[in-house]
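Here is the structure we will look at.
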Amino acid sequence: MREFFQLFATPAFYAMILQLSTPLVFAALAALVSNKAGVLNIGIEGAMVSAALAAALFSTLTGSAALGVLAGVIAGILMGLFFALCAVRLRTNHILVGIATNILAAGLAVFIIYAITGNKSDYPGIAMTPWNVPLLKEIPFLGEIFFQNVNPLVYAAVFAVFAVRFLFRRTVLGVRILAVGKNEAAAASVGISPARVKTIALVIAGGLAGFGGAYLSLGYMSGFNTGMVAGRGFIGIAAEAIGAGHPVATALFAVLFGAVNAFSLAAQTFPS
C-alpha cells in the first residue's frame with residue numbers, strides 16, 4: 001500500500017502520464033474535428049498507423065526527426081483525403097470507410113516494411129531530441145514534469161487543444177464546420193459547400209492524427225512496430241464522446257485515459 005501512495009508523489013509518474021496522453025490527445029482532437037463536421041471518423045486508427053510508419057521511414061532516410069514528423073503529418077493528411085474521397089465524394093457509409101481505412105493502413109504498413117527490410121513488424125526511426133526549458137526546469141517537482149526531457153510534441157498537443165478551440169470559436173471555417181455538422185441542408189442553402197467543408201475537416205483531423213502517429217514512433221519509441229498504435233485511435237474517439245465536443249474537456253479525458261494507462265504500467269512494479 002505504501003508503494004501506491006509513493007507513486008503519486010513521484011514526478012516521474014506524472015511525466016509518464018504526459019507521455020502516454022499525448023497521442024490520445026491528438027487522436028481525440030482528430031475525432032472532435034471530424035464529428036463537428038458531421039462525420040464519424042473511426043479511420044483515425046489507420047491514419048495514426050500510416051503516420052507512425054511514415055515518420056520512422058523518412059526520419060531514417062533523411063536523418064532528421066523533424067522531417068520524419070512532417071512526413072507523418074502528410075501521411076495522416078493523405079489518409080484523411082482518402083476518407084473524404086470515399087465518405088464525402090462517393091457517399092460511402094462512414095463506418096465501413098473507417099474499417100476499410102484501418103485495414104488498408106495495417107496491411108500497407110506490413111507490405112512496405114517487408115518490401116524494404118524483409119521483416120514484417122519493425123522499422124527503426126530517429127527519436128526526437130527532448131527539450132529542457134532553461135530556468136523553468138529548475139522549479140521543484142513541476143519542473144521535472146513539464147520542463148525536463150519533454151518531447152516537443154507534448155507541447156504541440158497542448159497548443160493543438162487551444163488551436164482547435166480557437167478554430168471553432170473565432171474563425172469562419174470553424175463556424176462553417178459547425179453549421180455543416182448541425183444541418184447540412186441549411187448550410188448549403190446559404191452558399192456553403194458541405195462536401196468542401198467536410199473534406200477540409202477530415203484533412204485537419206488527418207493532420208492531427210498524423211502528429212499522434214509520429215509521436216508514437218519518434219517520441220514515445222524510436223521506431224515503428226505494427227502493433228504500436230494499439231487502439232489509441234479508438235480511445236481518442238471515446239475521449240471525444242465523453243468530452244461532449246468541447247476541446248479542453250476532450251483533452252482532459254484523454255489525459256485521464258493516459259493516467260489510467262500509466263498507473264497500470266507502474267503498478268506492475270509493485271511487490272506482490
Review point. Any ring pair (Phe, Tyr, Trp, His ring centres under 6.0 Å) pairs touching residues 66-91, not counting sequence neighbours?
Key: none
With a cut-off of 3.5 Å and sequence neighbours excluded, list every side-chain donor-acceptor pair involving residues 168-176.
{"residue": "Thr171", "atom": "OG1", "partner": "Leu167", "partner atom": "O", "Å": "2.4"}
{"residue": "Thr171", "atom": "OG1", "partner": "Gly174", "partner atom": "N", "Å": "3.0"}

Exercise for review: Please answer whether the main-chain N or O of Asn119 pairs with a side-chain N or O of Thr117 as donor and acceptor at a distance below 3.5 Å.
Suggested key: yes
Review point. Roughly how far, to the nearest 0.5 Å, is CG of Asn102 from CD1 of Ile42?
Key: 6.0 Å
Point to revise | salt bridge (Lys or Arg N to Asp or Glu O under 4.0 Å) partners of residues 48-61, not counting sequence neighbours, each pair once | key: none
Exercise for review: With sequence neighbours left out, write down each residue that passes side-chain hydrogen bond (donor to acceptor under 3.5 Å, both in side chains) with Ser193, or none if nothing qualifies.
Suggested key: none
Exercise for review: Could you list all the salt bridge (Lys or Arg N to Asp or Glu O under 4.0 Å) pairs where at least one residue sits in residues 244-259, not counting sequence neighbours?
Suggested key: none
Check your understanding: Rounded to the nearest 0.5 Å, how far apart are CG of Leu40 and CD1 of Ile44?
Key -> 8.5 Å
Revision key, fill the gap. So side-chain hydrogen bond (donor to acceptor under 3.5 Å, both in side chains) across residues 224-236, not counting sequence neighbours, yields Asp122-Asn225
Check your understanding: Does a side-chain heavy-atom distance below 4.5 Å link Phe146 with Phe141?
Key -> no
Practice item. Among residues two or more places apart or on two chains, list those pairs meeting ring pair (Phe, Tyr, Trp, His ring centres under 6.0 Å) that have a residue in residues 201-223. Key: Phe26-Phe211
Review point. Phe147 versus Trp131: any side-chain heavy-atom pair under 4.5 Å?
Key: no
Review point. Does Leu202 reach the side chain of Leu81, with side-chain heavy atoms less than 4.5 Å apart?
Key: no
Practice item. Grab the two heavy atoms, one from Met228 and one from Gly223, that are nearest each other, plus how far apart they are. Key: CE-O, 3.4 Å
Validation: residues 233-252 side-chain donor-acceptor distances under 3.5 Å, sequence neighbours left out:
{"residue": "Glu240", "atom": "OE1", "partner": "Asn35", "partner atom": "ND2", "Å": "2.7"}
{"residue": "Thr250", "atom": "OG1", "partner": "His246", "partner atom": "O", "Å": "2.8"}

Point to revise | Test log, rule side-chain contact (heavy atoms from CB on, under 4.5 Å), inputs Leu20 and Leu265 | key: CA-CA 11 Å; Leu20 294 172; Leu265 294 175; 3.9 Å; yes
Exercise for review: Can you run down the salt bridge (Lys or Arg N to Asp or Glu O under 4.0 Å) pairs that involve residues 129-146, sequence neighbours left out, and say none if there aren't any?
Suggested key: none
Check your understanding: How would you list all residue pairs meeting side-chain hydrogen bond (donor to acceptor under 3.5 Å, both in side chains) that involve residues 79-100, not counting sequence neighbours?
Key -> none
Review point. Below 4.5 Å, heavy atoms only, C-beta onward: do Met221 and Leu216 meet side chain to side chain?
Key: no
Point to revise | Contact check, side chains of Ile145 and Phe13, non-hydrogen atoms, under 4.5 Å | key: no
Practice item. Scan residues 195-209 for pairs that pass side-chain hydrogen bond (donor to acceptor under 3.5 Å, both in side chains), counting only residues two or more places apart or in two chains. Key: Glu184-Lys198
**Study point:** Connected via hydrophobic side-chain network under 4.5 Å: Val73 and Met128
**Key:** yes
Point to revise | Ser264 versus Asn261, closest heavy-atom pair with distance | key: OG-O, 2.6 Å
Taking only distance into account, with no hydrogens and no angle test, what donor-acceptor pairs under 3.5 Å do side-chain atoms of residues 55-65 form with protein atoms, sequence neighbours excluded?
{"residue": "Ser59", "atom": "OG", "partner": "Ala55", "partner atom": "O", "Å": "3.1"}
{"residue": "Ser59", "atom": "OG", "partner": "Ala56", "partner atom": "O", "Å": "2.9"}
{"residue": "Ser59", "atom": "OG", "partner": "Ile126", "partner atom": "N", "Å": "3.1"}
{"residue": "Thr60", "atom": "OG1", "partner": "Ala56", "partner atom": "O", "Å": "3.0"}
{"residue": "Thr60", "atom": "OG1", "partner": "Pro124", "partner atom": "O", "Å": "2.8"}
{"residue": "Thr62", "atom": "OG1", "partner": "Phe58", "partner atom": "O", "Å": "2.6"}
{"residue": "Thr62", "atom": "OG1", "partner": "Ser64", "partner atom": "N", "Å": "3.3"}
{"residue": "Ser64", "atom": "OG", "partner": "Ala66", "partner atom": "N", "Å": "3.4"}
{"residue": "Ser64", "atom": "OG", "partner": "Leu67", "partner atom": "N", "Å": "3.2"}

Check your understanding: Would you say Leu208 and Val164 make side-chain contact, with heavy atoms under 4.5 Å?
Key -> yes
Review point. With no hydrogens and no angle check, is any side-chain donor or acceptor of Ser217 less than 3.5 Å from a backbone partner on Ala52?
Key: yes
**Study point:** Side chain to side chain, Gln19 and Asn151, heavy atoms closer than 4.5 Å
**Key:** no
Study note, to complete from the structure: Heavy-atom closest pair (Val33 atom, Ala201 atom, distance to 0.1 Å) is CG1-O, 3.4 Å
